[in-house]
Amino acid sequence: MPELPEVETTLRGVAPHIVDQFIDQLRVHNGSLRWPVTRGISELAKGQRVVAITRRAKYLLVELERGTMMIHLGMSGSLRLVDRAAPRRKHDHIEMLMTNGVCLRYHDPRRFGAWLWSDSGFPQLDHLGPEPLTDEFTGKRLFELSRKRKMAIKPFIMDNRTVVGVGNIYASEALFRGGIRPDRAAGRVSLKRYEQLTVHIKEVLTSAITQGGTTLRDFVNGNGEPGYFQQTLMVYGRGGQPCVTCAKPLKDIRLGQRSSVFCPACQR
DNA sequence: CTTTCAGCCTGACGGC
DNA sequence: TGCCGTCAGGCTGAAA
């Protein structure tokens, strides 16, 4: 599932082919996504130049001369650059054809994603916390925000108001590296441990982006499998298997309706 | 205010 | 073989 590293990888792969190009056609084959695709978006986008593509949290923002398109990949979405003559696959819901011949296809089996247009901002972006890979994201911030909070630390760091872009995979991995149990109350973690945790979060995200980038050369050919899936995951998806550190079996619990794997011996 | 939880959706997988 | 139930999960908004 796309987490922040995959969204960032997608941005870097797509931007050089799209920015400064003109939209020839925006075809919506199935506009029934997380929110209905903006009515009339094809007419709104047609002929416009793409001024820039940026990312905020897991949202991609395609800035046009007038208005912005906001794309989210949801749980199962992907954006691929393909030859416009390539046959459309099942679940290819939207395609953006550029006048330079490039074709960007939005593919999303579960349709949890989004593709919206607005010229007055998006409310989804209004209450987001800092980007994890900036200096705004500090252990001090986590410590202060968490005081008197009884919520478990894992859902706390996955809350977009705390910090954006930390999904289930990287929350699990960072907590393992930090030696913190995912079900520990957020308010009962010291400043020192929060400072260490922010370093681990930045490291796992950065390393995943680096590895995601290794598949970028294949992007245009449609081999969209992101490289970071190959990275060694120490706890995520490994419930019952031995801990890489102490070999005791990893425990799998549910926190906030999400599976959470951890080592009861190494994480406290 | 904080916290929990249903719902959105399809594909993969296990049991029978 | 195929049918059925369960699980996966980001995000929102309503309920507690």
Side-chain angles (χ1 to χ4, degrees), chain A residues 1-11 28-38 55-61 70-79 88-94 105-116 118 121-129 131-132 142-175 182-189 201 205 208 224-226 228-229 233 235-240 250-262:
Chain A
M1 66 295 314
E3 295 224 23
L4 185 137
E6 186 176 354
V7 178
E8 180 66 27
T9 298
T10 297
L11 167 64
V28 179
H29 302 285
N30 184 351
S32 177
L33 304 183
R34 176 72 172 80
W35 301 286
V37 172
T38 308
R55 178 186 62 73
R56 176 73 175 104
K58 296 178 189 170
Y59 296 98
L60 288 170
L61 298 165
M70 186 176 79
I71 301 168
H72 197 287
L73 301 179
M75 293 299 308
S76 57
S78 62
L79 283 173
R88 203 157 54 82
R89 298 173 304 161
K90 191 179 183 184
H91 306 304
D92 280 348
H93 304 309
I94 301 175
R105 290 221 175 113
Y106 174 83
H107 179 87
D108 187 4
R110 288 177 214 177
R111 308 209 311 277
F112 273 23
W115 191 313
L116 300 171
S118 170
F122 297 95
Q124 291 89 344
L125 306 180
D126 284 350
H127 302 287
L128 294 175
E131 289 288 328
L142 290 185
F143 179 74
E144 287 171 357
L145 266 184
S146 63
R147 289 312 86 186
K148 297 182 181 171
R149 299 286 295 274
K150 293 176 179 171
M151 176 190 271
I153 187 171
K154 182 158 167 280
F156 172 69
I157 61 172
M158 289 174 66
D159 187 329
N160 271 344
R161 289 164 297 188
T162 307
V163 56
V164 302
V166 181
N168 200 26
I169 297 174
Y170 297 109
S172 303
E173 296 299 314
L175 286 168
D183 58 353
R184 170 174 281 272
R188 299 196 51 201
V189 173
I201 290 173
L205 291 175
E225 196 61 28
Y228 77 81
F229 274 125
L233 297 174
V235 286
Y236 180 81
R238 295 193 64 241
L250 297 174
K251 207 170 164 187
D252 193 351
I253 61 172
R254 287 194 79 76
L255 285 174
Q257 297 142 278
R258 292 179 185 91
S259 83
S260 306
V261 183
F262 70 102

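Nothing here was measured: the structure is a model prediction, and the numbers come from that model. Letters A, B, ... mirror the listed sequences (proteins, then strands); counts begin at 1.
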Under 4.0 Å from OP1 or OP2 of [N]: is there any side-chain N or O of [X] that close?
X	N	answer
A:R34	B:dC9	no
A:H91	B:dG11	yes
A:S76	C:dA8	no
A:N160	C:dC11	yes
A:R110	B:dC8	no
A:Y236	C:dG9	yes

Worked verdict on A:H72 versus A:Q124 for side-chain contact (heavy atoms from CB on, under 4.5 Å)
CA-CA 11 Å; A:H72 197 287; A:Q124 291 89 344; over 6 Å; no

Below 30° counts as parallel, above 60° as perpendicular, anything between as tilted: where do the rings of A:H107 and A:H91 land?
perpendicular

What's the [atom1]-[atom2] distance between [X] and [N], to the nearest Å?
X	N	atom1	atom2	value
A:R254	B:dC5	CZ	P	11 Å
A:R258	C:dT6	CZ	C1'	18 Å
A:E6	C:dG9	CD	P	15 Å
A:M158	B:dT4	CE	C1'	15 Å
A:M70	C:dG10	CE	P	17 Å
A:L4	C:dG9	CG	P	17 Å
A:F156	B:dT4	CZ	P	14 Å
A:L116	C:dG10	CG	P	19 Å

Looking at every non-hydrogen atom in both residues, tell me the closest pair between A:V261 and A:L250 and how far apart they are.
CG1-CB, 3.8 Å

What's the closest nucleotide to the [X] side chain, out of [options]?
X	options	result
A:K90	B:dC9, B:dG11, B:dG7	B:dG11
A:R149	B:dC9, C:dG9, B:dT2	B:dT2
A:F112	C:dG10, B:dT3, C:dA8	C:dG10

Answer whether the closest heavy-atom distance between the side chains of A:L4 and A:R55 falls below 4.5 Å.
yes

Look only at the side chain of A:S76 and the backbone of A:R110, and say whether a donor-acceptor pair between them is shorter than 3.5 Å.
yes

Residue whose closest nucleotide on DNA chain B lies nearer the 5' end, A:Q257 versus A:M151
A:M151

